[in-house]
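To start, the structure itself, in structure tokens.
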Amino acid sequence: MPDYARMYRFGVTPWEGYAKAAAPSIAAVLDREESDRTRPLGTALDLGCGRGQFTPELARRGWRAVGVDVVPKAIEAARRRAGPGVTYLVGDVTDLVTDLAPVAGAPEPGSVGFFLDVGCFQGFDERGRDGEARSVTALAAPGATVLMLAFGPTRLRSRIGGVSQAEVESAFTGWTLDDVRAADTAGLGWPMNRTSPQWYRLRLA
């Protein structure tokens, strides 16, 4: 996949346009996630949060919301519009325990009940996917869930990313795949609207 930081540098961030167009469908999947839980909701981690499009929504729903991204400029932009209950941290989602250990306000291992990944995991190669899964597992509280939006693999995988269900399950060993649902493709545009995006919901076994 193209260099993530460079895409921010040149303002090429198509996922942000999709996030805006798909806001109602993303809200619907978060509604289901919220309704499945008792309160207080605890800590949620927004993986690859970018400029913070979804992290405030998690806070609004009652989570202690933490957004993490490896691009400092994206985190700076997210912090400028952060609301109450939201924390943004610079960190590599493939090695979060190491990156976040010395950071004030970072979630402790075993403390995160919910992880949201909108297009982050699907952009990694196998090594990166395994690293993210290990990071999530280390930070996850008992019974934690992951809600992940990922494109399916295509011939353009090297440019736009994409993963299969088998690759999701292979990375998240020790997790149970609870649900798979087709994601809305409105606002994606070609060629991403041909990638069969899916919502994956996993639970720590």
Side-chain angles (χ1 to χ4, degrees), residues 1-23 26 30 42-61 63-140 144 146-151 157-163 171 187 192:
M1 194 172 185
D3 182 80
Y4 183 54
R6 187 177 298 121
M7 293 176 79
Y8 270 107
R9 191 176 310 124
F10 291 103
V12 183
T13 54
W15 55 86
E16 293 187 328
Y18 171 66
K20 183 176 181 180
I26 293 172
L30 290 177
T43 299
L45 194 60
D46 184 3
L47 299 161
C49 68
R51 291 186 275 211
Q53 289 183 282
F54 305 110
T55 324
E57 178 66 12
L58 297 174
R60 186 187 70 77
R61 291 166 179 271
W63 274 286
R64 177 198 167 223
V66 181
V68 180
D69 201 282
V70 74
V71 179
K73 286 190 176 297
I75 291 296
E76 288 172 14
R79 285 172 175 164
R80 285 196 291 270
R81 59 186 182 187
V86 178
T87 301
Y88 289 109
L89 304 172
V90 176
D92 181 350
V93 300
T94 69
D95 194 14
L96 285 175
V97 174
T98 300
D99 271 12
L100 299 185
V103 179
E108 296 287 334
S111 70
V112 179
F114 176 50
F115 300 84
L116 179 66
D117 179 332
V118 181
C120 184
F121 179 88
Q122 63 97 44
F124 291 126
D125 60 14
E126 183 179 1
R127 181 178 179 182
R129 295 193 299 268
D130 288 346
E132 178 178 330
R134 284 194 300 271
S135 290
V136 166
T137 302
L139 293 173
V146 174
L147 189 62
M148 177 193 301
L149 175 66
F151 305 142
R157 185 169 185 167
S158 63
R159 298 188 63 188
I160 61 175
V163 292
M192 289 187 291

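Atom set for the values below is all heavy atoms of this structure, side chains included, hydrogens, waters and symmetry mates excluded.
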Taking the side chain as everything from C-beta on, heavy atoms only, tell me whether L47 gets closer than 4.5 Å to L96.
yes
With sequence neighbours left out, the residues meeting side-chain hydrogen bond (donor to acceptor under 3.5 Å, both in side chains) with R60 are E57
S135: which residues meet the side-chain hydrogen bond (donor to acceptor under 3.5 Å, both in side chains) condition with it, sequence neighbours left out?
none
Sequence neighbours excluded, which residues qualify as side-chain hydrogen bond (donor to acceptor under 3.5 Å, both in side chains) partners of T137?
W175
Which heavy atom of P56 sits nearest a heavy atom of V86, and at what distance?
CA-CG2, 3.9 Å
Quick check for you: to the nearest 0.5 Å, what is the distance between T55 atom OG1 and L116 atom CG?
8.0 Å
Side chain of E132, backbone of R129: donor and acceptor closer than 3.5 Å?
no
Expected output: side-chain D117 to main-chain M148 donor-acceptor under 3.5 Å
no
Hey, does the side chain of R64 reach the backbone of P107 with a donor-acceptor pair shorter than 3.5 angstrom?
no
Do any pairs count as a ring-ring contact (aromatic ring centres under 6.0 Å, His included) and have a residue in residues 87-123, sequence neighbours left out, and if so which ones?
W63-F114, F121-F172
Non-hydrogen atoms of G91 and V68 that approach each other most closely
O-CG1, 3.4 Å
List the residues meeting side chain to side chain contact (heavy atoms under 4.5 Å, CB included) with R80, not counting sequence neighbours, and say none if there are none.
E76, A77
Which pairs with one or both residues in residues 96-115 pass side-chain hydrogen bond (donor to acceptor under 3.5 Å, both in side chains), sequence neighbours excluded?
D95-T98
Over all atoms of both residues, closest heavy-atom pair of I75 and C49
CD1-SG, 3.7 Å
Taking every non-hydrogen atom, the tightest pair across C120 and G48
SG-CA, 4.0 Å
Heavy-atom closest pair, residues V97 and A138
CG2-CB, 3.5 Å
Can you measure from CG (L149) to CD (Q122) and round to the nearest 0.5 angstrom?
8.0 Å
Non-neighbouring partners of D130 that pass side chain to side chain contact (heavy atoms under 4.5 Å, CB included), sequence neighbours left out
E126, R134, A171
Of all heavy-atom pairs linking A78 and G50, the shortest is CB-O, 3.9 Å
Heavy-atom side-chain proximity of V93 to L45 below 4.5 angstrom:
no
Name all residues meeting the side-chain hydrogen bond (donor to acceptor under 3.5 Å, both in side chains) criterion together with T94; count only those two or more places apart in sequence or in a different chain, and write none if there are none.
D92
